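So the structure is just underneath, and the comments pick up after that.
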There are 2 protein chains.
Amino acid sequence: MSRRPSPTRDPRGIPEATVARLPLYLRALTGMAERGIATVSSEDLATAAGVNSAKLRKDLSHLGSYGTRGVGYEVEYLVYQISRELGLTQDWAVAIVGVGNLGRALANYGGFVSRGFRVAALLDADPEVVGDTIAGLNVDHIDELEAVIKRRGVSIVVLATPAAAAQQVCDRVVAAGVTSILNFAPVVLSVPDGVEVRKVDLSIELQILAFHEQRKADRESGGPVMAVESQ
Amino acid sequence: MSRRPSPTRDPRGIPEATVARLPLYLRALTGMAERGIATVSSEDLATAAGVNSAKLRKDLSHLGSYGTRGVGYEVEYLVYQISRELGLTQDWAVAIVGVGNLGRALANYGGFVSRGFRVAALLDADPEVVGDTIAGLNVDHIDELEAVIKRRGVSIVVLATPAAAAQQVCDRVVAAGVTSILNFAPVVLSVPDGVEVRKVDLSIELQILAFHEQRKADRESGGPVMAVESQ
DNA sequence: GCGACTTTGTGCGTCGGTTCACAAAGGGAT
DNA sequence: ATCCCTTTGTGAACCGACGCACAAAGTCGC
């Protein structure tokens with residue numbers, strides 16, 4: 001299903017890995033623009049973004065041919081092109097569901113709303129917090145979910161609920177027509193095709209770090225003696 | 001440098017992609033254990049974790065041969081094996097640097113400390129918050145960074161500082177001997193080899209969602225009609 | 001004790017992504 | 001106007017990861 005022709009790539013089909021890096025390039029570029037830098041080479045931009053320069057050039061080549069050989073890329077122009085490609089020239093109404101510690105932090109997080117995004121609604125089930133004003137926004141009751149989504153044109157929902165509530169809220173959000181979800185709850189959400197879920201899981205990140213940390217510790221103590229291990 | 005023999009894989013060399021999924025399996029398994037499930041098939045566990053069953057079996061096979069053909073995996077035993085592999089049988093002291101909205105949320109986040117992790121220190125530069133008690137922990141001044149890390153045996157640092165301070169704090173943390181960092185600041189940290197940095201970037205996740213959202217919108221409106229665009 | 005059934009562990013083809021290395025393209029100096 | 005120098009854009013080899021499909025292995029019922 002939805003097989004791709006494969007030999008000829010869809011001209012607008014930007015690889016997922018590239019999409020994930022474009023925001024990185026954008027951030028580096030806006031920093032440069034603010035410092036008054038007019039043009040930049042792939043080498044310099046790659047260094048600033050922490051990637052390989054060949055990768056950067058290939059990534060940018062998927063958007064079009066926006067560089068000038070022998071010179072580099074015009075910073076302002078590239079900022080515009082990447083912004084447009086990422087859909088940041090329009091602004092997106094974001095709703096945050098779950099106003100616990102994390103939801104509150106997200107609502108107040110400045111860089112979050114930086115470019116193209118606007119927190120348009122806060123929702124929670126706890127009567128204790130409903131009606132409160134956080135980051136200049138009133139907290140609505142979760143019963144209003146569907147109405148709020150429609151009325152304020154919310155197209156991206158951030159889930160910061162307890163794990164137990166996440167799937168249920170997710171279902172309602174999807175039923176209300178939302179197709180982009182950023183999930184902070186530690187559960188695997190199941191959604192129909194066509195709905196994009198991205199997951200941020202602090203606990204998993206820590207566990208991955210612990211794995212590598214343990215590995216290093218093992219290598220140091222038992223390593224040199226029984227120097228087996230990948231040799 | 002550090003070339004791998006490649007044909008014969010290091011027996012302890014677990015693929016990075018696998019490591020990233022182990023915490024997912026672990027979470028599903030602990031849930032099952034709590035519900036009193038004794039054994040589970042790769043099919044069921046895979047469904048619970050939201051992955052393909054072949055992938056799950058291959059992942060687990062990297063840890064050893066812990067299943068029984070015709071039966072499945074013993075839940076408790078597998079929990080132990082994965083925990084051990086991830087290094088969760090010991091506990092890790094974590095320091096959170098930057099006690100703004102996000103740092104505060106992290107300090108209070110329950111699931112964060114779930115298994116094997118313990119928030120051992122909070123640090124900040126702002127005299128206003130230094131001395132406060134958050135989540136039962138005193139906030140120390142950033143000047144104490146090196147001393148606190150040594151004294152409390154911190155091996156993982158969470159950076160929740162403003163972007164401008166992140167690299168500087170990172171350098172100090174690394175100089176103090178820490179080799180595992182979880183970075184929430186929207187900057188590309190540069191660290192020496194051997195230091196593991198994982199990055200959580202809310203803004204980037206949103207931008208990726210916006211890209212796909214715009215794509216869907218394009219496809220619906222202009223897609224079928226003027227399907228040209230770069231053709 | 002044996003046969004049928006279930007489920008694991010894995011060999012192998014495939015695919016997306018990364019990197020190298022270079023030809024093509026443009027700018028600036030003379 | 002021409003040549004040299006810089007930097008882009010990309011062909012092609014390489015590499016890890018994914019998923020199919022199946023043989024090996026072990027259990028349960030009779």
Side-chain angles (χ1 to χ4, degrees), chain A residues 1-22 24-25 29 37-75 77-78 81-82 208 230, chain B residues 1-22 24-25 29 37-75 77-78 81-82 208 230:
Chain A
M1 55 178 73
S2 92
R3 182 73 72 79
R4 209 147 285 239
S6 180
T8 50
R9 192 167 244 314
D10 176 3
R12 302 288 291 202
I14 299 178
E16 194 54 36
T18 296
V19 173
R21 281 187 296 267
L22 289 179
L24 227 55
Y25 305 152
L29 285 164
I37 298 173
T39 67
V40 65
S41 69
S42 64
E43 196 63 44
D44 291 351
L45 181 52
T47 302
V51 302
N52 177 302
S53 72
K55 182 154 46 177
L56 176 112
R57 287 197 298 276
K58 188 155 284 186
D59 282 345
L60 293 184
S61 77
H62 287 118
L63 313 191
S65 210
Y66 297 142
T68 315
R69 295 174 191 231
V71 177
Y73 302 88
E74 199 193 329
V75 174
Y77 185 55
L78 201 49
Q81 290 298 342
I82 294 179
I208 295 171
S230 85
Chain B
M1 52 178 74
S2 91
R3 182 71 71 80
R4 208 148 285 241
S6 180
T8 50
R9 191 165 243 314
D10 176 1
R12 302 289 290 202
I14 299 178
E16 195 53 36
T18 295
V19 173
R21 280 187 297 266
L22 289 179
L24 228 52
Y25 305 152
L29 285 165
I37 298 173
T39 66
V40 66
S41 69
S42 64
E43 195 63 44
D44 291 351
L45 181 52
T47 303
V51 304
N52 177 302
S53 73
K55 182 155 46 178
L56 176 114
R57 287 197 298 278
K58 189 158 287 187
D59 283 344
L60 293 185
S61 77
H62 286 118
L63 313 192
S65 209
Y66 297 142
T68 317
R69 296 172 192 232
V71 178
Y73 301 88
E74 199 193 328
V75 175
Y77 186 54
L78 201 49
Q81 289 300 343
I82 295 179
I208 296 171
S230 84

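Hydrogens, waters and symmetry mates are skipped; everything else that's a heavy atom, side chains included, is used. Owing to the predicted nature of the structure, the values given are computational and were not obtained by experimental measurement. Chain letters run A, B, ... following the sequence lines, proteins first, then strands; residues in each count from 1.
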Practice task
List in chain and number order the residues that pass side-chain contact (heavy atoms from CB on, under 4.5 Å) with Y77(B), two or more places apart in sequence or in another chain; answer none if no residue qualifies.
Solution key: Y66(B), E74(B), Q81(B)
Fill in the blank from the handout: Smallest heavy-atom separation, E16(B) atom then I208(A) atom, equals OE2-CG2, 4.0 Å
Handout entry: Closest-nucleotide 5' rank along DNA chain C - winner of S42(B) and A17(A)
Key = S42(B)
Practice task
To the nearest 0.5 angstrom, please state how far the OG1 atom of T18(A) sits from the NZ atom of K58(A).
Solution key: 9.5 Å
Practice task
Starting from C1' on dT7(C), measure out to CG on L60(B) and report it in whole angstrom.
Solution key: 13 Å
Practice task
Assign S53(B) to base, sugar-phosphate, or nothing according to its heavy-atom contacts below 4.0 angstrom with the strands shown.
Solution key: nothing
Handout entry: Base dG17(C) to side chain K58(A), donor-acceptor N/O within 3.5 Å cut-off
Key = no
Handout entry: Listed nucleotide nearest any side-chain atom of S65(A), set dT18(C), dC20(C), dG9(D)
Key = dG9(D)
Handout entry: Non-hydrogen atoms of A49(A) and Y25(A) that approach each other most closely
Key = CB-CD2, 3.7 Å
Exercise for the section: Just call it for A54(B): base, sugar-phosphate, or nothing, with non-hydrogen atoms closer than 4.0 Å on any strand. Expected result: base
Completion exercise
Taking five pairs at each terminus, the helix from dG1(C)-dC30(D) to dT30(C)-dA1(D) shows an axis bend, to 10°, of 10°
Handout entry: D44(B) versus V40(B), closest heavy-atom pair with distance
Key = CB-CG2, 3.7 Å
Problem - Which residues share a side-chain contact (heavy atoms from CB on, under 4.5 Å) with S53(A), sequence neighbours left out - result: S42(A), E43(A), A46(A), R57(A)
Problem - Length of the line joining K55(B):NZ and dT10(C):P, which is rounded to integer Å - result: 18 Å
Practice task
Would you tell me if any nitrogen or oxygen in the side chain of N52(B) comes within less than 4.0 Å of OP1 or OP2 on dC20(D)?
Solution key: yes
Fill in the blank from the handout: Winner on side-chain proximity to Y73(A), out of dG17(C), dC20(D), dG9(D), is dG9(D)
Problem - Gap between atoms CD and P, on E74(A) and dT8(D) respectively (whole Å) - result: 14 Å
Problem - Spacing of L45(A) atom CG relative to dT7(D) atom P, expressed in whole Å - result: 14 Å
Problem - R21(B): partners by salt bridge (charged side-chain N to carboxylate O under 4.0 Å, His left out), with sequence neighbours left out - result: D59(B)
Completion exercise
Y66(B) atom OH is separated from dT7(C) atom C1', nearest whole Å, by 19 Å
Fill in the blank from the handout: dist L22(A):CG -> L60(A):CG (nearest 0.5 Å) comes out at 7.5 Å
Problem - Nucleotide-resolved protein contact map, nucleotides 22-30 of chain D, B/S/- at heavy-atom distance under 4.0 Å - result: --BBSS---
Practice task
Rounded to the nearest 0.5 Å, what's the gap from CG on L78(A) to CG on L63(A)? Could you check?
Solution key: 7.5 Å
Problem - Atom-to-atom span, CD of E43(B) to P of dC20(D) - whole angstrom - result: 11 Å
Exercise for the section: Would you mind reading off the distance between R21(A) atom CZ and dT18(C) atom C1', rounded to a whole angstrom? Expected result: 8 Å
Handout entry: Value rounded to 0.5 Å, distance of CG in L45(A) from CG in L56(A)
Key = 5.0 Å
Completion exercise
Atom CG of D44(B) and atom P of dT7(C) are separated, to the nearest Å, by 8 Å
